[in-house]
Amino acid sequence: MAEQTNIQKPQAAKKAVTSGVGGIKNASWVILVCFIIAECFFHFVLGNGSNFKDGDNANAPLNLLGTIYKGGFIVPILQTLFLTVIVLAVERWIALSKASGKGNITKFVAAVKQALAAGDLAKAEQLCRDQKGTVAAVIYATLGKYKEMHENEELAKEQKLVQIQQTLEEATALEMPSLQQNLPILATLTTLGTLIGLLGTVIGMIKSFQALSASGAPDSTELSTGISEALINTAFGIATAAFALIAYNYYTNKIDNMTYAIDELGFSIVSTFAATH
């Protein structure tokens, strides 16, 4: 007869394992605050008279700040998107750091698998309590169902395995929304930043061609303003899209690694139950 798994309860009181994943629930407030900051920066810093000839922001710029101001009304919109990307990237970094738990996930997976192979369920639960985070929370819930099915004498073995697998899937489904929160916004900003930047570029080029088509000598001020608007908006659009893409792919990869760890340990738990019962 196969050796039964050790499911003796530890003497210390048990404490439920939670992922502790927080984060910003309503990103619309982030966008609003970033827009206010961007507008203030655009008008009071970039548009300051000291950045332009004769102290008038209608004149030619004297430095880079003035040149950015000449990018036009699209600039604060792009700055809003860029600030939003930065804020949400930092927010996801903090949230996913908590979701990862206190230790290395790879080592945690190896330790839990070793405990399961040795039939020491109590040790596996303790490892989850020590690790915390998303993976530990899901596995701890699954181990609880393992113990429940071990004590259940009414259901058939196949039904017990289904119950354990179902608990694993439900616990995972509950954790996923908190991990993926705000990532769709980063994915959207990857495209939106490029499109808004392109819009600003087109508007700038239109102004440039208007200056060139003016009767007589072309207006050099209008021409330079149009070119500045085109280039500044292109730069901000590319920067926003690039940073959003990097952040989105980085955090998606972290979530995938957690999902793989859950799948690996879930398979080990189900396999252990099937082999010992």
Side-chain angles (χ1 to χ4, degrees), residues 21-52 55-98 177-208 222 224-252 254-255:
V21 180
I24 298 174
K25 304 297 183 183
N26 190 351
S28 59
W29 288 104
V30 174
I31 297 174
L32 178 61
V33 172
C34 288
F35 177 73
I36 294 173
I37 294 174
E39 281 288 344
C40 292
F41 184 79
F42 179 75
H43 290 289
F44 299 117
V45 178
L46 300 180
N48 189 280
S50 61
N51 299 323
F52 302 90
D56 187 353
N57 59 22
N59 295 329
L62 298 176
N63 51 38
L64 180 60
L65 295 179
T67 301
I68 295 175
Y69 179 82
K70 287 298 183 179
F73 72 95
I74 297 292
V75 172
I77 297 177
L78 288 169
Q79 288 177 332
T80 299
L81 300 182
F82 187 72
L83 287 174
T84 301
V85 170
I86 293 177
V87 172
L88 293 183
V90 172
E91 182 266 344
R92 282 296 86 193
W93 182 81
I94 296 174
L96 293 181
S97 294
K98 292 181 179 179
S178 61
L179 296 181
Q180 297 174 344
Q181 185 174 275
N182 295 327
L183 286 184
I185 297 177
L186 287 178
T188 302
L189 292 179
T190 300
T191 304
L192 188 59
T194 303
L195 293 178
I196 297 297
L198 180 60
L199 175 62
T201 300
V202 171
I203 293 174
M205 293 307 297
I206 291 174
K207 290 184 177 180
S208 298
E222 287 295 326
S224 63
T225 298
I227 294 175
S228 296
E229 186 167 347
L231 296 179
I232 291 300
N233 290 320
T234 299
F236 269 112
I238 293 175
T240 299
F243 195 73
L245 181 62
I246 292 172
Y248 177 79
N249 287 336
Y250 175 75
Y251 294 130
T252 299
K254 289 195 70 172
I255 294 173

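One-based numbering along the sequence shown. Values in this document were obtained by computation on a predicted structure and should not be read as measured data.
- Under a cut-off of 6.0 angstrom, the local environment of NZ in K254 is crowded, with over 12 non-hydrogen atoms contributed by other residues, nucleotides or ligands.
- Enclosure of atom CZ in F52 by more than 12 non-hydrogen atoms of other residues, nucleotides or ligands within 6.0 angstrom is indicated.
- The closest donor-acceptor contact from the side chain of K70 to the backbone of N57 lies under 3.5 Å.
- Remark: side-chain polar atoms of R92 are paired, donor with acceptor, to backbone N or O of Q181 under 3.5 angstrom.
- Residue I232 holds its CD1 atom at 13.5 Å from CD1 of I74, rounded to the nearest 0.5 Å.
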task = Could you walk me through whether I255 and L183 pass side-chain contact (heavy atoms from CB on, under 4.5 Å), step by step?
result = CA-CA 11 Å; I255 294 173; L183 286 184; 3.4 Å; yes
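- Side chains of L78 and N233 form a contact here, defined as non-hydrogen atoms less than 4.5 Å apart.
- Remark: T191 engages L195 in a side chain to side chain contact (heavy atoms under 4.5 Å, CB included) (not counting sequence neighbours).
- With sequence neighbours excluded, the residues forming a side chain to side chain contact (heavy atoms under 4.5 Å, CB included) with L245 are T190, N249, listed by chain and number.
- Not a single ring-ring contact (aromatic ring centres under 6.0 Å, His included) links F35 to another residue, sequence neighbours left out.
- L64 contributes atom CG, which lies 9.0 Å from atom CG of L46 (distance to the nearest 0.5 angstrom).
- With a 4.5 Å cut-off on side-chain heavy atoms, L65 and N48 do not count as touching.
- Applying the ring-ring contact (aromatic ring centres under 6.0 Å, His included) rule to F42 yields the partners Y69; only residues at least two apart in sequence or on another chain are considered.
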request  = Go through the steps for I238 and T194 under the test side-chain contact (heavy atoms from CB on, under 4.5 Å), then give the verdict.
outcome  = CA-CA 6 Å; I238 293 175; T194 303; over 6 Å; no
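- Applying the side chain to side chain contact (heavy atoms under 4.5 Å, CB included) rule to I37 yields the partners V33, L83; only residues at least two apart in sequence or on another chain are considered.
- Taken to the nearest 0.5 Å, the OG1 atom of T84 stands 9.5 Å off from the CG atom of L186.
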key: Pair T252-Y248, side-chain contact (heavy atoms from CB on, under 4.5 Å): steps then yes or no   = CA-CA 6 Å; T252 299; Y248 177 79; 3.7 Å; yes
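- Atom OG of S50 and atom CG of L62 lie 8.5 Å apart (nearest 0.5 Å).
- With sequence neighbours excluded, the residues forming a side chain to side chain contact (heavy atoms under 4.5 Å, CB included) with A89 are F243, A247, Y251, listed by chain and number.
- Considering every non-hydrogen atom in both L81 and L189, the closest pair reads CD2-CD2, 3.6 Å.
- To the nearest 0.5 angstrom, D56 atom CG is 12.0 Å from N51 atom CG.
- Of the possible donor and acceptor atoms, one in the side chain of N182 sits under 3.5 Å from a partner among the backbone N and O of I24.
- Residue A38 comes nearest to Q79 through the heavy atom pair O-OE1, 3.5 Å, listed as atom of the first residue, atom of the second, then distance.
- Once rounded to the nearest 0.5 Å, the distance linking OG1 of T234 with CG of L198 reads 7.5 Å.
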